[in-house]
Protein chains: 2
Amino acid sequence: MNARSALPDTADTTAAAASDDLLALENQVCFALAVAARGVIGIYRPILEPLGLTHPQYLVMLALWQRSPRTVRDLGEALQLEPATLSPLLKRLEAQGYLTRERSARDERALDVALTPAGQALREQALTIPPQVVDRLGMSLDELGSLRDRLTEVIEAVQHD
Amino acid sequence: MNARSALPDTADTTAAAASDDLLALENQVCFALAVAARGVIGIYRPILEPLGLTHPQYLVMLALWQRSPRTVRDLGEALQLEPATLSPLLKRLEAQGYLTRERSARDERALDVALTPAGQALREQALTIPPQVVDRLGMSLDELGSLRDRLTEVIEAVQHD
DNA sequence: GGCAAATAATTAGTACACTAATGATTGTGA
DNA sequence: TCACAATCATTAGTGTACTAATTATTTGCC
């Protein structure tokens with residue numbers, strides 16, 4: 001190895017080595033993001049399963065616990081999801097009895113999504129979820145908070161332009 | 001507001017406010033992770049489209065450019081994906097002509113996935129992708145590298161236990 | 001007032017991503 | 001050696017998540 005370079009192996013600066021780095025899986029931010037997101041969501045799976053929720057459904061419930069009723073479009077903006085993604089997801093949550101879907105009185109195009117008493121009551125059980133996840137990850141609240149802030153910067157960078 | 005507290009509004013430490021924070025969408029690391037991952041992958045979509053690749057398919061190609069042939073299980077470990085996810089994905093890449101799938105001679109249970117000349121040649125075009133993404137994000141290489149390192153720590157925390 | 005443009009949600013189609021079950025091959029111990 | 005467990009990949013089923021097309025309603029403009 002390193003036959004084309006007079007530098008030591010640990011500093012191979014040939015064009016081939018540079019392009020290896022550029023396309024190395026372990027160097028890709030997108031790969032780290034995808035794997036970390038799937039991994040963390042996987043931690044929620046067994047925790048949410050007793051509540052009958054998937055992770056995207058849990059996020060919808062979080063949004064509704066903050067404000068209800070909300071329209072599909074409003075939820076989509078809060079969650080950064082397409083209406084086409086939310087539409088069937090909300091029907092499943094309605095079938096579970098956690099929310100109602102009905103056309104807005106003021107604008108018949110819009111759909112008002114509102115919590116049912118069961119959906120509202122679920123919040124009490126949800127309060128135990130974040131601590132369970134933090135405990136399972138074994139990371140400090142400082143580390144997690146800082147990570148969240150950096151990820152928020154990435155989200156803003158994506159939206160920029 | 002803040003009727004139960006003698007503290008100023010900006011430091012509402014009632015139980016209700018604390019539980020609001022705990023379940024607030026914007027405080028969840030999992031939400032930031034999910035949105036950031038979807039957003040960054042969305043940046044790749046128009047860039048990869050001319051190559052006929054989705055983002056997960058791109059990651060498979062990155063893995064194969066580092067080593068080929070590899071088995072499905074080996075790819076799954078590198079990409080942290082279930083074999084059941086890779087199976088149809090690899091068939092699509094085979095249909096595109098970027099790789100071949102054939103049973104291993106040493107172990108008929110295993111499938112050897114190998115790059116075709118077309119798959120190997122695609123690497124040249126892929127070299128321009130990372131710079132395009134970095135440019136579109138408008139973040140420094142330092143920021144991105146540090147983020148990747150922190151995400152790698154999260155991935156290790158998930159695998160821990 | 002009426003019609004074109006804009007807006008809201010849904011549907012269709014494609015592609016992940018997971019769990020559970022299946023089928024085929026290999027390895028192992030009595 | 002031969003039953004039996006372990007391993008590898010695939011299939012089936014469910015649930016996101018996207019784009020594009022469709023339907024229904026509202027708004028804007030003459």
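Worth saying up front: this structure is predicted, and the values here are computed from it rather than measured. So that the names make sense, note that chain A is the first sequence line, chain B the second, and so on, each numbered from 1.
Residues from residues 93-113 of chain B placing a heavy atom under 4.0 Å of any atom in DNA chain C, listed by number, are B:Asp107, B:Glu108, B:Arg109. Across residues 69-77 of chain A, not one residue has a non-hydrogen atom less than 4.0 Å from an atom of DNA chain D. A heavy-atom distance below 4.0 Å to DNA chain C is reached by these residues of residues 35-67 of chain A, ordered by number: A:Arg38, A:Arg45.
With B:Asn27 contributing its side chain and B:Asp21 its backbone, the two residues share a donor-acceptor pair below 3.5 Å. The backbone N or O of A:Leu89 sits nowhere less than 3.5 Å from a side-chain atom of A:Gln57 that would complete a donor-acceptor pair. Between the B:Ser104 side chain and the B:Leu111 main chain, no donor and acceptor come within less than 3.5 Å of each other. The closest donor-acceptor contact from the side chain of B:Thr116 to the backbone of B:Gly97 lies under 3.5 Å.
Between the CD atom in A:Gln96 and the CG atom in A:Leu53 there is a gap of 6.5 Å [rounded to 0.5 Å]. To the nearest 0.5 angstrom, B:Leu127 atom CG is 10.0 Å from B:Leu122 atom CG. We find the CG-CG distance between A:Leu64 and A:Leu90 to be 8.0 Å, quoted to the nearest 0.5 Å. To the nearest 0.5 angstrom, A:Leu137 atom CG is 6.0 Å from A:Leu144 atom CG. For the atom pair B:Leu99 CG and B:Gln120 CD, the distance stands at 12.0 Å (nearest 0.5 Å).
Legend: side chain to side chain donor-acceptor pair (under 3.5 Å) pairs involving residues 130-139 of chain A, not counting sequence neighbours, sorted by first then second residue: A:Thr128-A:Gln132. For residues 56-101 of chain A, the set of pairs meeting the ring-ring contact (aromatic ring centres under 6.0 Å, His included) definition, not counting sequence neighbours, comprises A:Tyr44-A:Tyr58. Note on residues 85-107 of chain A: pairs passing salt bridge (charged side-chain N to carboxylate O under 4.0 Å, His left out), not counting sequence neighbours, are A:Glu94-A:Arg101, A:Asp107-A:Arg109. A salt bridge (charged side-chain N to carboxylate O under 4.0 Å, His left out) check over residues 142-156 of chain A, counting only residues at least two apart or in different chains, returns nothing. Here salt bridge (charged side-chain N to carboxylate O under 4.0 Å, His left out) pairs that include residues 70-85 of chain B, with residues two or more places apart or in two chains, are B:Arg67-B:Asp74, B:Arg70-B:Asp74. Within the structure, salt bridge (charged side-chain N to carboxylate O under 4.0 Å, His left out) contacts touching residues 25-47 of chain B (residues at least two apart or in different chains) do not occur.
A:Leu86 comes within 4.0 angstrom of nothing in the nucleic acid, heavy atoms only.
Where A:Glu82 and B:Lys91 meet DNA chain D, the nucleotide closest to each residue was compared, and B:Lys91 sits on the side nearer the 5' end.
Along DNA chain D, the stretch of nucleotides lying under 4.0 Å from any heavy atom of chain A spans, 5' to 3', D:dG15 to D:dT26. For DNA chain C, the contact window with chain A, defined by any atom under 4.0 Å from a protein heavy atom, covers C:dA6 to C:dC18 in 5' to 3' order.
Judged by distance alone, the side chains of A:Gln159 and A:Gln80 do bring a donor and an acceptor atom under 3.5 Å apart.
Direction change of the helix axis from one end of the helix from C:dG1-D:dC30 to C:dA30-D:dT1 to the other is 10°, with five pairs defining each end axis (rounded to 10°).
With a 4.5 Å cut-off on side-chain heavy atoms, B:Thr85 and B:Pro56 do not count as touching.
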